[in-house]
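All residue numbers in this chain count up from 1 along the given sequence.
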Amino acid sequence: MDKVAIVTAGGSGMGANAARRLAKDGYRVAILSSSGKGEALAAELGGIGITGSNQSNDDVKRLVDATLDRWGRIDALVNSAGHGPRAPILDLTDEDWQKGLDVYFLSAVRPIRLVTPVMQQQKSGAIVNISTAWAFEPSDMFPTSAMARAGLATFTKIYADKYAADNIRINNVQPGWIDSLPATDARRASVPMQRYGSADEIAGTIAFLLSPDAGYITGQNIRVDGGVTKGI
(Lines give C-alpha, C1' and ligand atoms only; values in the text may rest on other atoms or scores of the structure.)
Protein backbone atom coordinates (compact mmCIF):
# COMPACT_ATOMS: atom_id res chain seq x y z
CA MET A 1 0.00 0.00 0.00
CA ASP A 2 1.40 3.40 -1.01
CA LYS A 3 1.98 5.92 1.77
CA VAL A 4 0.53 9.35 0.95
CA ALA A 5 1.73 12.73 2.21
CA ILE A 6 0.39 16.26 1.81
CA VAL A 7 2.82 19.18 2.01
CA THR A 8 1.49 22.74 2.20
CA ALA A 9 3.57 25.73 1.11
CA GLY A 10 5.77 23.12 -0.52
CA GLY A 11 6.95 24.88 -3.65
CA SER A 12 10.27 26.06 -2.25
CA GLY A 13 12.41 26.17 0.89
CA MET A 14 11.93 23.67 3.69
CA GLY A 15 8.54 22.55 2.41
CA ALA A 16 9.99 21.58 -0.96
CA ASN A 17 12.88 19.72 0.65
CA ALA A 18 10.42 17.84 2.83
CA ALA A 19 8.39 16.83 -0.24
CA ARG A 20 11.52 15.57 -2.01
CA ARG A 21 12.62 13.58 1.03
CA LEU A 22 9.21 11.99 1.51
CA ALA A 23 9.05 11.03 -2.17
CA LYS A 24 12.49 9.46 -1.80
CA ASP A 25 11.19 7.53 1.22
CA GLY A 26 8.37 6.07 -0.85
CA TYR A 27 5.50 8.47 -0.23
CA ARG A 28 3.13 9.68 -2.89
CA VAL A 29 3.14 13.45 -2.44
CA ALA A 30 0.55 16.18 -2.95
CA ILE A 31 1.86 19.73 -2.78
CA LEU A 32 0.11 23.07 -2.28
CA SER A 33 1.99 26.19 -3.35
CA SER A 34 0.90 29.72 -4.16
CA SER A 35 3.70 30.29 -6.67
CA GLY A 36 3.09 27.42 -9.08
CA LYS A 37 6.43 25.88 -8.12
CA GLY A 38 4.57 23.19 -6.23
CA GLU A 39 2.93 21.98 -9.43
CA ALA A 40 6.33 21.73 -11.13
CA LEU A 41 7.85 19.89 -8.18
CA ALA A 42 4.89 17.52 -7.95
CA ALA A 43 5.22 16.70 -11.64
CA GLU A 44 8.91 15.94 -11.07
CA LEU A 45 8.03 13.64 -8.15
CA GLY A 46 5.07 11.96 -9.84
CA GLY A 47 2.59 13.54 -7.44
CA ILE A 48 -0.21 16.10 -7.34
CA GLY A 49 0.40 19.84 -7.41
CA ILE A 50 -2.22 22.46 -6.64
CA THR A 51 -1.61 26.17 -7.04
CA GLY A 52 -3.34 27.91 -4.17
CA SER A 53 -2.89 29.32 -0.69
CA ASN A 54 -2.91 27.67 2.72
CA GLN A 55 -4.70 30.83 3.83
CA SER A 56 -7.73 29.70 1.83
CA ASN A 57 -10.02 26.98 3.11
CA ASP A 58 -11.22 26.36 -0.44
CA ASP A 59 -7.70 25.86 -1.79
CA VAL A 60 -6.75 23.51 1.02
CA LYS A 61 -9.93 21.50 0.44
CA ARG A 62 -9.09 21.23 -3.27
CA LEU A 63 -5.73 19.72 -2.31
CA VAL A 64 -7.22 17.24 0.16
CA ASP A 65 -10.00 16.23 -2.24
CA ALA A 66 -7.54 15.72 -5.11
CA THR A 67 -5.33 13.59 -2.87
CA LEU A 68 -8.21 11.36 -1.79
CA ASP A 69 -9.52 11.10 -5.35
CA ARG A 70 -6.11 9.91 -6.57
CA TRP A 71 -4.92 7.69 -3.72
CA GLY A 72 -7.81 7.23 -1.30
CA ARG A 73 -5.83 7.87 1.89
CA ILE A 74 -3.63 10.41 3.71
CA ASP A 75 -0.88 9.09 5.95
CA ALA A 76 1.09 12.26 6.59
CA LEU A 77 0.63 16.01 6.62
CA VAL A 78 3.48 18.53 6.63
CA ASN A 79 2.46 22.13 7.24
CA SER A 80 4.93 24.72 6.03
CA ALA A 81 4.22 28.47 5.89
CA GLY A 82 5.17 31.67 4.14
CA HIS A 83 6.34 34.89 5.79
CA GLY A 84 4.22 37.21 7.91
CA PRO A 85 4.58 40.89 8.79
CA ARG A 86 7.78 42.13 10.44
CA ALA A 87 8.25 45.50 12.15
CA PRO A 88 9.16 46.95 15.57
CA ILE A 89 6.63 45.47 17.94
CA LEU A 90 4.56 48.60 18.59
CA ASP A 91 4.58 49.56 14.90
CA LEU A 92 2.64 46.42 14.01
CA THR A 93 -1.02 47.18 13.37
CA ASP A 94 -4.00 45.07 14.37
CA GLU A 95 -4.13 43.89 10.78
CA ASP A 96 -0.44 42.86 10.93
CA TRP A 97 -1.03 40.72 14.02
CA GLN A 98 -4.11 39.15 12.43
CA LYS A 99 -2.12 38.47 9.26
CA GLY A 100 0.61 36.79 11.32
CA LEU A 101 -1.98 34.56 12.94
CA ASP A 102 -3.29 33.62 9.50
CA VAL A 103 0.15 32.93 8.01
CA TYR A 104 1.74 31.03 10.88
CA PHE A 105 -1.15 29.47 12.84
CA LEU A 106 -4.35 29.08 10.86
CA SER A 107 -2.38 27.88 7.84
CA ALA A 108 -1.71 24.72 9.85
CA VAL A 109 -5.14 24.44 11.47
CA ARG A 110 -7.00 24.49 8.13
CA PRO A 111 -5.48 21.32 6.65
CA ILE A 112 -5.43 19.59 10.05
CA ARG A 113 -9.21 20.01 10.26
CA LEU A 114 -9.63 18.30 6.90
CA VAL A 115 -7.19 15.41 7.24
CA THR A 116 -8.16 14.43 10.79
CA PRO A 117 -11.42 12.62 9.87
CA VAL A 118 -9.51 10.72 7.17
CA MET A 119 -6.82 9.66 9.62
CA GLN A 120 -9.43 8.74 12.22
CA GLN A 121 -11.09 6.41 9.73
CA GLN A 122 -7.72 4.87 8.89
CA LYS A 123 -6.79 4.66 12.58
CA SER A 124 -3.39 6.08 11.69
CA GLY A 125 -1.70 9.28 10.64
CA ALA A 126 1.09 11.69 11.50
CA ILE A 127 1.33 15.48 11.25
CA VAL A 128 4.38 17.73 11.41
CA ASN A 129 4.16 21.51 11.53
CA ILE A 130 7.23 23.54 10.57
CA SER A 131 7.47 26.16 13.30
CA THR A 132 10.43 28.21 14.58
CA ALA A 133 13.15 27.83 17.21
CA TRP A 134 12.10 31.23 18.55
CA ALA A 135 8.55 30.21 19.51
CA PHE A 136 9.56 29.98 23.19
CA GLU A 137 12.52 32.39 23.19
CA PRO A 138 11.05 35.13 21.02
CA SER A 139 13.16 37.53 19.01
CA ASP A 140 12.16 41.06 18.07
CA MET A 141 13.15 40.18 14.50
CA PHE A 142 10.08 37.94 14.10
CA PRO A 143 7.35 39.09 16.49
CA THR A 144 4.28 37.85 14.60
CA SER A 145 5.93 34.49 13.95
CA ALA A 146 6.81 33.98 17.60
CA MET A 147 3.33 35.02 18.74
CA ALA A 148 1.46 32.71 16.38
CA ARG A 149 3.81 29.76 16.72
CA ALA A 150 3.65 29.84 20.49
CA GLY A 151 -0.07 29.41 19.92
CA LEU A 152 0.66 26.58 17.49
CA ALA A 153 2.61 24.79 20.23
CA THR A 154 -0.44 25.03 22.49
CA PHE A 155 -2.75 23.82 19.74
CA THR A 156 -0.41 20.90 19.03
CA LYS A 157 -0.44 19.70 22.64
CA ILE A 158 -4.22 19.94 22.94
CA TYR A 159 -4.65 18.13 19.60
CA ALA A 160 -2.19 15.41 20.62
CA ASP A 161 -4.07 14.78 23.86
CA LYS A 162 -7.38 14.39 22.02
CA TYR A 163 -6.36 12.34 18.99
CA ALA A 164 -3.54 10.11 20.26
CA ALA A 165 -6.14 7.42 21.02
CA ASP A 166 -6.98 7.39 17.29
CA ASN A 167 -3.31 6.65 16.54
CA ILE A 168 -2.78 10.13 15.11
CA ARG A 169 0.45 11.83 16.10
CA ILE A 170 1.36 15.53 15.79
CA ASN A 171 4.64 17.35 16.43
CA ASN A 172 6.32 20.64 15.60
CA VAL A 173 9.78 21.00 14.09
CA GLN A 174 11.42 24.25 15.20
CA PRO A 175 14.20 25.28 12.80
CA GLY A 176 16.83 27.88 13.64
CA TRP A 177 18.91 29.61 10.98
CA ILE A 178 18.50 27.45 7.86
CA ASP A 179 20.24 27.80 4.50
CA SER A 180 16.98 28.52 2.70
CA LEU A 181 17.20 31.97 4.38
CA PRO A 182 19.69 34.74 3.51
CA ALA A 183 22.95 34.15 5.40
CA THR A 184 24.75 36.73 7.49
CA ASP A 185 27.97 36.41 9.47
CA ALA A 186 26.31 37.71 12.63
CA ARG A 187 23.58 35.10 12.52
CA ARG A 188 26.08 32.33 11.82
CA ALA A 189 28.25 33.47 14.73
CA SER A 190 25.25 33.31 17.09
CA VAL A 191 24.95 29.55 16.56
CA PRO A 192 27.09 27.34 18.82
CA MET A 193 27.72 25.02 15.85
CA GLN A 194 28.93 28.08 13.89
CA ARG A 195 26.96 27.28 10.77
CA TYR A 196 23.53 27.47 9.22
CA GLY A 197 21.49 24.30 9.20
CA SER A 198 20.39 22.82 5.90
CA ALA A 199 16.86 22.43 4.62
CA ASP A 200 17.76 18.78 4.07
CA GLU A 201 18.43 18.42 7.81
CA ILE A 202 14.96 19.78 8.53
CA ALA A 203 13.51 17.39 5.95
CA GLY A 204 15.31 14.50 7.64
CA THR A 205 13.84 15.44 11.01
CA ILE A 206 10.38 15.66 9.49
CA ALA A 207 10.81 12.27 7.83
CA PHE A 208 11.82 10.75 11.16
CA LEU A 209 8.85 12.24 13.01
CA LEU A 210 6.49 10.82 10.38
CA SER A 211 8.10 7.38 10.50
CA PRO A 212 7.32 4.36 12.70
CA ASP A 213 10.63 5.01 14.50
CA ALA A 214 8.90 8.05 16.06
CA GLY A 215 5.77 6.08 16.87
CA TYR A 216 5.80 7.08 20.57
CA ILE A 217 6.45 10.80 19.98
CA THR A 218 3.50 13.18 19.93
CA GLY A 219 2.67 16.68 21.16
CA GLN A 220 6.33 17.72 21.09
CA ASN A 221 8.34 20.69 19.84
CA ILE A 222 11.64 19.52 18.39
CA ARG A 223 14.30 22.23 18.08
CA VAL A 224 16.66 21.85 15.13
CA ASP A 225 18.75 24.97 15.60
CA GLY A 226 22.40 24.08 16.17
CA GLY A 227 22.02 25.02 19.84
CA VAL A 228 21.07 28.67 19.26
CA THR A 229 18.18 28.50 21.75
CA LYS A 230 18.60 27.27 25.29
CA GLY A 231 15.78 24.75 25.18
CA ILE A 232 14.70 25.35 28.78
Side-chain angles (χ1 to χ4, degrees), residues 8-18 32-35 53-57 59-60 78-113 127-160 170-199 201-202 205-206 219-232:
T8 66
S12 59
M14 289 179 280
N17 282 66
L32 180 70
S33 168
S34 61
S35 67
S53 172
N54 57 7
Q55 296 171 48
S56 163
N57 283 303
D59 289 348
V60 174
V78 178
N79 285 311
S80 187
H83 300 285
R86 291 175 55 188
I89 191 166
L90 294 184
D91 291 343
L92 290 161
T93 65
D94 289 2
E95 291 74 20
D96 289 333
W97 289 110
Q98 289 164 357
K99 180 68 173 177
L101 196 66
D102 204 22
V103 170
Y104 297 118
F105 177 76
L106 291 174
S107 64
V109 174
R110 292 184 187 99
I112 289 170
R113 283 194 195 110
I127 300 166
V128 175
N129 304 310
I130 301 177
S131 179
T132 177
W134 291 276
F136 301 133
E137 297 178 35
S139 164
D140 63 0
M141 286 183 287
F142 309 108
T144 63
S145 169
M147 172 275 299
R149 283 162 162 168
L152 183 61
T154 299
F155 173 92
T156 295
K157 178 58 175 142
I158 295 170
Y159 181 97
I170 184 171
N171 295 287
N172 297 328
V173 168
Q174 297 185 314
W177 297 118
I178 302 300
D179 62 6
S180 57
L181 300 169
T184 71
D185 290 339
R187 291 175 180 176
R188 186 180 295 107
S190 72
V191 182
M193 292 185 73
Q194 296 291 290
R195 68 174 178 88
Y196 273 54
S198 72
E201 288 172 313
I202 301 302
T205 306
I206 291 168
Q220 304 304 308
N221 296 277
I222 310 298
R223 290 178 172 88
V224 189
D225 65 1
V228 73
T229 55
K230 295 179 178 64
I232 296 172

List for me each residue that meets salt bridge (charged side-chain N to carboxylate O under 4.0 Å, His left out) alongside D102, sequence neighbours excluded, and say none if there are none.
-> R110

Quick one: sort the F105 and F155 rings into parallel, tilted or perpendicular, breaks at 30° and 60°.
-> perpendicular

Supply the atom-to-atom distance K99 NZ to L106 CG, rounded to the nearest 0.5 angstrom.
-> 11.0 Å

Show your working on side-chain contact (heavy atoms from CB on, under 4.5 Å) between I127 and N79 and close with a plain yes or no.
-> CA-CA 8 Å; I127 300 166; N79 285 311; 4.2 Å; yes

Shortest non-hydrogen pair, A108 vs L152, comes out as CB-CD1, 4.0 Å

So do F136 and Q174 actually touch side chain to side chain, heavy atoms under 4.5 Å?
-> yes

For atom CG of D91, is the number of surrounding heavy atoms from other residues, nucleotides or ligands below 6.0 Å larger than 12?
-> yes

How far apart are the closest heavy atoms of L92 and P143, and which atoms are they?
-> CD1-CG, 3.6 Å

Within a strict 4.5 Å, meaning less than it, do heavy atoms of the D140 and I89 side chains meet?
-> no

Note: R188-D185 ion pair, threshold 4.0 Å (strictly below) | yes

Scanning both residues in full, the closest heavy-atom pair of A150 with A135 reads CB-O, 3.7 Å

Shortest non-hydrogen contact from S107 to A81?
-> OG-CB, 4.1 Å

What distance do I170 atom CD1 and I158 atom CD1 have between them, rounded to the nearest 0.5 Å?
-> 11.0 Å

Roughly how far, to the nearest 0.5 Å, is the OG atom of S80 from the CD1 atom of I202?
-> 10.5 Å

Does the side chain of R223 come under 3.5 Å of the side chain of T229 through a donor N or O and an acceptor N or O?
-> yes

Nearest heavy-atom contact between I178 and S198 is CG2-C, 3.7 Å

I would like to know whether R86 and T144 meet side-chain contact (heavy atoms from CB on, under 4.5 Å); could you show each step before the answer?
-> CA-CA 7 Å; R86 291 175 55 188; T144 63; 5.6 Å; no

Using the side-chain contact (heavy atoms from CB on, under 4.5 Å) rule, take M147 and Y104 through it: C-alpha gap first, then chi angles, then the decisive distance, then the call.
-> CA-CA 9 Å; M147 172 275 299; Y104 297 118; over 6 Å; no

Name all residues meeting the side-chain hydrogen bond (donor to acceptor under 3.5 Å, both in side chains) criterion together with Y159; count only those two or more places apart in sequence or in a different chain, and write none if there are none.
-> T116

Between CZ of F142 and CZ of R149, what distance do you get to the nearest 0.5 Å?
-> 9.5 Å

Compare every heavy atom of G197 with every heavy atom of E201, then report the nearest pair and how far apart it is.
-> OE1-CA, 3.4 Å

Begin from the C-alpha positions of V60 and T8 and carry the test side-chain contact (heavy atoms from CB on, under 4.5 Å) through to its verdict.
-> CA-CA 8 Å; V60 174; T8 66; 5.6 Å; no

With side chains defined as the heavy atoms from C-beta onward, is the minimum distance between P111 and N54 less than 4.5 Å?
-> no

Please identify each residue that fulfils side-chain hydrogen bond (donor to acceptor under 3.5 Å, both in side chains) with N172, with sequence neighbours left out.
-> N129, T156, N221

Roughly how far, to the nearest 0.5 Å, is CG of N17 from CD1 of I206?
-> 9.0 Å

Atom pair OG (S131) and CG (N171), whose distance is rounded to the nearest 0.5 Å = 12.0 Å

